[in-house]
**Student:** 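Let me give you the structure first, and then I'll get to my questions.
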Amino acid sequence: GGGYGGYGGSGNVAGGITYGSITAPVDPGSGGGLVNSDGGDGGGVIQLTVSGTMTVNGSVNGNGDDGTPVAVARGGGSGGSVYLTVGTLAGTGSITANGGMSNTTGGGGGGGRIALLYTTDSSTLATLSAYGGVMESADNPNFAGAGTIYKKAAAATNGDLIIDNNFQDAAQDDYYMGKTPLTGTSTFETLTVRSRGHMVLYPDSSITYNTLTWSSSGTIEDNSAAAFALVTGGGTLTVPATSRLYTNVARTFTTGTVTGSLTHGTNSTTADYKINLTFSSLTIEPEGSIAANGKGHFRGEGPGAGVDNTS
C-alpha cells in the first residue's frame with residue numbers, strides 16, 4: 001500500500017514510506033502498488049482557512065481509494081491531507097484521512113495527516129480519523145500504519161498528537177502491524193498512542209511531551225530513540241495494561257512495572273533485536289508479560305537452522 005502519515009502495508013512487496021509535515025500537512029497521499037491492475041489512488045489535499053466559525057455537520061474527507069477489487073494483488077492508496085486553520089471549529093460531523101483497503105495479497109494504504117488549528121474548539125465530531133487501510137484477506141492481514149492527527153489551540157505553546165489505528169492489526173505481532181514513525185525533533189503537549197496505533201522511534205527521534213497517554217492497546221517501539229522520556233529518562237518504566245513496548249536497544253531504569261506487554265522486534269536472517277534492560281527492581285503484574293516467543297530467526301535461518309528438504 002501507499003504510505004504517507006503511516007507506512008503502507010506490505011503485501012508481496014514492501015509498502016510505501018512516510019513523508020510530509022505533522023503540523024502543516026499539504027502533501028497528497030500516494031497510490032498503492034499494482035500487479036496487472038490498479039492500486040488505489042492516494043487521497044488529495046484539503047487546506048481551508050476560515051477566520052470565523054467553521055461548522056462541520058457533514059464530512060471533510062481526504063481518504064485514499066481501495067485497490068481495484070479483482071483477484072490480483074494491489075495495494076490501497078494512502079490517505080491525503082486535511083489542514084484547517086479556523087477561528088472556531090464547531091459541528092458534529094466527520095473529518096477523515098484514512099488509507100484505502102487492499103485486496104488479496106496487497107497491503108493497505110497508510111493513514112494520511114490531519115492538522116486542526118483553531119482559536120476555539122467547540123466541536124463534538126462523530127469521527128476524527130486517519131486510520132491505516134486493511135487487507136481483505138484474513139489469512140494475510142498486512143495492515144497499514146495510522147496517520148497523524150494534530151490539534152492546536154492558538155493560545156497553546158504546543159499542540160496535541162494522536163496516533164490511533166482503530167484496533168486494525170487484529171492482535172497480530174509486529175510483522176503485520178501497521179507502523180507510524182516519529183522522526184526528527186518535535187514537542188507536543190499531549191501525545192496519545194491508542195487502539196493499536198504503533199509509534200516507532202528511530203535514532204534521530206527527539207520527541208518531547210508533557211503528557212503521554214498510552215492505552216487501549218497502543219504500541220511504542222524503541223529503536224534507539226535519541227530522546228523520548230519513557231525510554232531515555234532512566235527513571236521508572238511503566239508499561240500500562242493492554243499496551244505494548246517493543247524495546248530493541250539496551251536501556252537502564254531505576255524501577256519497572258509491566259502490566260501490559262514487553263517484547264522485542266522479530267529477527268530474520270540476522271540477530272538484530274533482543275530485550276536488554278537493566279533495573280534495580282522490576283515487577284511483572286498478573287496481567288503483564290515479558291515475552292520473545294517466535295522472535296528468533298525466520299524459518300530456515302540462523303546458525304542452527306534445519307536442513308531444507310529439496311527432494
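Note that the structure is predicted; figures quoted are calculated from it, not measured.
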**Student:** From Asn248 CG over to Lys274 NZ, what is the distance, rounded to the nearest 0.5 angstrom?
**Tutor:**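 Taking CG in Asn248 and NZ in Lys274, the distance rounds to 12.0 Å.
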
**Student:** Could you give the distance from OG (Ser129) to CD1 (Ile114), rounded to the nearest 0.5 Å?
**Tutor:**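 Answer for the OG-CD1 pair, Ser129 versus Ile114, is 6.0 Å.
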
**Student:** Give the minimum heavy-atom separation between Phe228 and Leu201, together with the two atoms involved.
**Tutor:**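 Here Phe228 and Leu201 meet closest at CG-CD1, 3.5 Å.
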
**Student:** How about Pro181 and Tyr202: do any of their side-chain heavy atoms sit closer than 4.5 Å?
**Tutor:**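 Yes. Closest side-chain heavy atoms under 4.5 Å.
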
**Student:** Do Val239 and Ile163 belong together in a cluster built from hydrophobic side chains that touch within less than 4.5 Å?
**Tutor:**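 As far as the 4.5 Å side-chain criterion goes, Ile163 and Val239 are connected within one cluster.
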
**Student:** Does Ser30 offer a backbone N or O that forms a donor-acceptor pair with the side chain of Ser78 under 3.5 Å?
**Tutor:**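 It does hold such a pair.
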
**Student:** Can you tell me how far the CD1 atom of Ile162 sits from the CG atom of Leu191, to the nearest 0.5 Å?
**Tutor:**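 Output value for this atom pair is 10.0 Å.
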
**Student:** Test side-chain contact (heavy atoms from CB on, under 4.5 Å) on His198 and Asn165; report intermediate values, then the result.
**Tutor:** CA-CA 8 Å; His198 186 146; Asn165 214 21; over 6 Å; no

**Student:** Looking at the rings of Phe188 and Tyr209, which for Trp means the six-membered one, are their centres under 6.0 Å apart?
**Tutor:**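 For Phe188 and Tyr209, the ring centres are not under 6.0 Å apart.
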
**Student:** Identify the heavy atoms of Ser102 and Gly75 that sit nearest to each other, and give their distance.
**Tutor:**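 Heavy atoms only, the tightest pair is CB-CA, 4.1 Å.
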
**Student:** Testing the basics here: between His264 and Ala292, what is the closest heavy-atom pair and its distance to 0.1 Å?
**Tutor:**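 What the structure gives for the nearest pair is NE2-CB, 3.6 Å.
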
**Student:** Which heavy atom of Tyr4 sits nearest a heavy atom of Pro25, and at what distance?
**Tutor:**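 Taking Tyr4 first and Pro25 second, the nearest heavy atoms are OH-CB, 3.7 Å.
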
**Student:** Do Thr18 and Lys179 touch side chain to side chain, with heavy atoms closer than 4.5 Å?
**Tutor:**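 The answer is no, as the side chains (C-beta and beyond) never meet within the 4.5 Å cut-off.
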
**Student:** Between the main-chain N or O of Thr254 and the side-chain N or O of Ser280, is there a donor-acceptor pair closer than 3.5 Å?
**Tutor:**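 Here the side-chain-to-backbone pair exists.
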
**Student:** Side-chain contact, heavy-atom cut-off 4.5 Å: Leu117 with Tyr150?
**Tutor:**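 SC-SC contact between Leu117 and Tyr150 confirmed.
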
**Student:** Any sub-3.5 Å donor-acceptor pair from Asn57's side-chain atoms to Thr92's backbone N or O?
**Tutor:**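 Yes: the side chain of Asn57 pairs with the backbone of Thr92.
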
**Student:** Step by step, work out the side-chain contact (heavy atoms from CB on, under 4.5 Å) result for Val60 and Ile46.
**Tutor:** CA-CA 8 Å; Val60 178; Ile46 299 171; 3.9 Å; yes

**Student:** Any side-chain heavy atom of Thr213 within less than 4.5 Å of one from Arg194?
**Tutor:**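 No; the side chains remain at least 4.5 Å from each other.
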
**Student:** Heavy-atom count around Ile284 CD1 within 6.0 Å, excluding the residue itself: above 12?
**Tutor:**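 Yes, because the 6.0 Å sphere around CD1 of Ile284 holds more than 12 heavy atoms from other groups.
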
**Student:** If you look at every heavy atom in Asn267 and Asp272, which pair is closest and at what distance?
**Tutor:**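 Distance-wise, the nearest heavy atoms are OD1-N, 2.6 Å.
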
**Student:** Centres of the Tyr246 and Tyr273 rings: under 6.0 Å?
**Tutor:**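 Between Tyr246 and Tyr273, the centre distance exceeds or equals 6.0 Å.
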
**Student:** Does a donor on one side chain and an acceptor on the other come within less than 3.5 Å for Thr148 and Arg113?
**Tutor:**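 There is such a pair (donor and acceptor under 3.5 Å, judged by atom type) between the side chains of Thr148 and Arg113.
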
**Student:** As a quick check of understanding, evaluate side-chain contact (heavy atoms from CB on, under 4.5 Å) for Val258 and Leu282, giving each step before the final call.
**Tutor:** CA-CA 8 Å; Val258 178; Leu282 173 63; 4.2 Å; yes

**Student:** Is there a side-chain contact between Thr266 and Phe298, using heavy atoms and a 4.5 Å cut-off?
**Tutor:**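 Sidechains of Phe298 and Thr266: in contact.
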
**Student:** Might you work through the side-chain contact (heavy atoms from CB on, under 4.5 Å) test for Leu89 and Thr55, ending with a clear yes or no?
**Tutor:** CA-CA 6 Å; Leu89 180 63; Thr55 302; over 6 Å; no

**Student:** Answer with yes or no whether the side chains of Ser195 and Asn166 bring together a donor and an acceptor at under 3.5 Å.
**Tutor:**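 Looking only at side-chain atoms, Ser195 and Asn166 do not form any donor-acceptor pair under 3.5 Å.
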
**Student:** Taking atom types as modelled, find out whether Ser81 and Asp27 have a side-chain donor-acceptor pair closer than 3.5 angstrom.
**Tutor:**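 No - no donor-acceptor pair under 3.5 Å links their side chains.
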
**Student:** Just by distance, with hydrogens left out, do Thr236 and Thr255 show a side-chain donor and acceptor under 3.5 Å apart?
**Tutor:**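 Note: Thr236 and Thr255 side chains meet the donor-acceptor criterion.
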
**Student:** In Å, rounded to the nearest 0.5 Å, how long is the span from CD of Glu221 to CZ of Arg244?
**Tutor:**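 Interatomic distance, Glu221 CD to Arg244 CZ, rounded to 0.5 Å: 11.0 Å.
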
**Student:** Answer yes or no: is there a side-chain heavy-atom contact under 4.5 Å between Pro240 and Thr259?
**Tutor:**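 Answer no - side chains too far apart.
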
**Student:** Ile22 and Tyr83: same hydrophobic cluster, using ILVMFWY side-chain contacts below 4.5 Å?
**Tutor:**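 Ile22 and Tyr83: one cluster.
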
**Student:** Between Phe253 and Leu212, is there a shared hydrophobic cluster once you connect ILVMFWY residues whose side-chain heavy atoms come closer than 4.5 Å?
**Tutor:**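 Phe253 clusters together with Leu212.
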
**Student:** Under 3.5 Å, side chain of Asp222 to main-chain N/O of Thr247, donor-acceptor pair present?
**Tutor:**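 Pair absent, no side-chain N/O of Asp222 close to backbone of Thr247.
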
**Student:** Do Asp160 and Lys152 meet the salt-bridge criterion of a basic N to acidic O distance under 4.0 Å?
**Tutor:**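 No, this pair does not count.
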
**Student:** Measuring from Ser123:OG to Leu128:CG, what's the distance to the nearest 0.5 Å?
**Tutor:**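 Ser123 OG to Leu128 CG: 8.0 Å, rounded to 0.5 Å.
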
**Student:** With a 3.5 Å distance limit and no angle check, can you tell me whether Thr238 reaches the backbone of Thr257 through a side-chain donor-acceptor pair?
**Tutor:**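 Between the backbone of Thr257 and the side chain of Thr238 there is no qualifying donor-acceptor contact (under 3.5 Å).
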
**Student:** Could you report the tightest heavy-atom contact between Ile95 and Leu125, atom names first, then the distance?
**Tutor:**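 Nearest heavy atoms, Ile95 then Leu125: CD1-CD1, 3.7 Å.
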
**Student:** Going by side-chain contact (heavy atoms from CB on, under 4.5 Å), Tyr118 matches just one of Val50, Val86, Leu84. Which one?
**Tutor:**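 Among Val50, Val86, Leu84, the one that satisfies the side-chain contact (heavy atoms from CB on, under 4.5 Å) with Tyr118 is Val86.
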
**Student:** Drop me the distance from Thr192's OG1 to Asp164's CG, to the nearest 0.5 angstrom.
**Tutor:**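 One gets 9.0 Å once the value is rounded to the nearest 0.5 Å.
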
**Student:** Check for a donor-acceptor pair, side chain of Asn210 on one end and backbone N or O of Glu189 on the other, with a separation under 3.5 Å.
**Tutor:**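 Such a contact is absent between Asn210 side chain and Glu189 backbone.
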
**Student:** Are side-chain heavy atoms of Lys151 and Asp121 found at a separation under 4.5 Å?
**Tutor:**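 Counting from C-beta outward, Lys151 and Asp121 do come under 4.5 Å.
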
**Student:** For the residue pair Thr183 and Asp204, confirm or rule out a side-chain donor-acceptor distance under 3.5 Å.
**Tutor:**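 Not at all, the side chains of Thr183 and Asp204 share no donor-acceptor pair under 3.5 Å.
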
**Student:** Between Thr187 and Asn158, is a side-chain hydrogen bond (donor to acceptor under 3.5 Å, both in side chains) present by the stated rule, with each step listed?
**Tutor:** CA-CA 7 Å; Thr187 300; Asn158 300 303; 5.0 Å; no

**Student:** Treat each ILVMFWY residue as a node, draw an edge where side-chain heavy atoms are under 4.5 Å apart, and state whether Leu277 and Val231 are in one component.
**Tutor:**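 In one cluster with Leu277: Val231, yes.
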
**Student:** Do Ile275 and Leu230 sit in the same hydrophobic cluster, where Ile, Leu, Val, Met, Phe, Trp and Tyr count as joined when their side-chain heavy atoms come under 4.5 Å apart?
**Tutor:**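 Yes, Ile275 connects to Leu230 through the hydrophobic network.
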
